[in-house]
Amino acid sequence: HKFIAPGPDDVKSPCPGLNTLANHGHLPRDGKKITIPIMMKAGNDGFNVQAGVILLAARVSLMTS
């Protein structure tokens, strides 16, 4: 997945890992309408991380956004 820098209207996370996934198109590049299933697929595709770890991170990140 090609890197595309965030645009001026994109929402970014304080988490560099989530930003990396978005910048490379594994998550929506605008940072909006991200669901737990979308995040789980992105984490698996982009980082090859187990579903349980992604689910925990997804819940925490969605609660703080």
Side-chain angles (χ1 to χ4, degrees):
H1 291 175
K2 182 181 176 182
F3 172 84
I4 297 176
D9 296 324
D10 292 344
V11 176
K12 291 297 153 190
S13 167
C15 174
L18 294 178
N19 291 333
T20 297
L21 291 172
N23 291 339
H24 287 272
H26 294 285
L27 288 173
R29 292 186 189 274
D30 64 2
K32 300 173 185 172
K33 298 183 181 179
I34 297 173
T35 64
I36 288 178
I38 290 171
M39 192 175 289
M40 291 182 69
K41 180 167 178 19
N44 186 288
D45 293 349
F47 296 139
N48 196 30
V49 177
Q50 293 179 346
V53 175
I54 298 167
L55 183 58
L56 176 62
R59 287 180 175 160
V60 171
S61 68
L62 290 175
M63 290 186 327
T64 60
S65 62

Item to check | Leu18 side chain near Met39 side chain, heavy-atom distance below 4.5 Å | outcome: yes
Item to check | Side-chain heavy-atom pair Asp30, Asp9 within 4.5 angstrom cut-off | outcome: no
Next on the checklist: Count I, L, V, M, F, W, Y as connected when their side-chain heavy atoms are under 4.5 Å apart, and connections chain through other members. Are Val11 and Ile38 then in the same cluster?
Outcome noted: no
Checklist entry - Looking only at heavy atoms, what is the nearest atom pair of Leu27 and Ala42, with distance? => result CD2-CB, 3.5 Å
Checklist entry - Roughly how far apart are Ile36 CD1 and Ile54 CD1, rounded to 0.5 Å? => result 11.5 Å
Checklist entry - Which value, rounded to the nearest 0.5 Å, describes the distance between Asp10 atom CG and Lys32 atom NZ? => result 7.0 Å
Checklist entry - Does any N or O in the side chain of Asn23 come within less than 3.5 Å of the main-chain N or O of Ala5, such that one atom is a donor and the other an acceptor? => result no
Checklist entry - Going by heavy atoms in the side chains, are Asn44 and His26 under 4.5 Å from each other? => result no
Item to check | Closest approach of Gly25 to His1 (non-hydrogen atoms, all atoms of both residues) | outcome: C-ND1, 4.2 Å
Checklist entry - Looking at Pro14 and Pro16, what are the two nearest heavy atoms and their distance? => result O-CD, 3.4 Å
Item to check | Contact summary for Pro28 and Ile34, nearest pair of heavy atoms | outcome: CD-CG1, 3.7 Å
Next on the checklist: Working to the nearest 0.5 angstrom, can you tell me the gap between Leu21 CG and Arg29 CZ?
Outcome noted: 11.0 Å
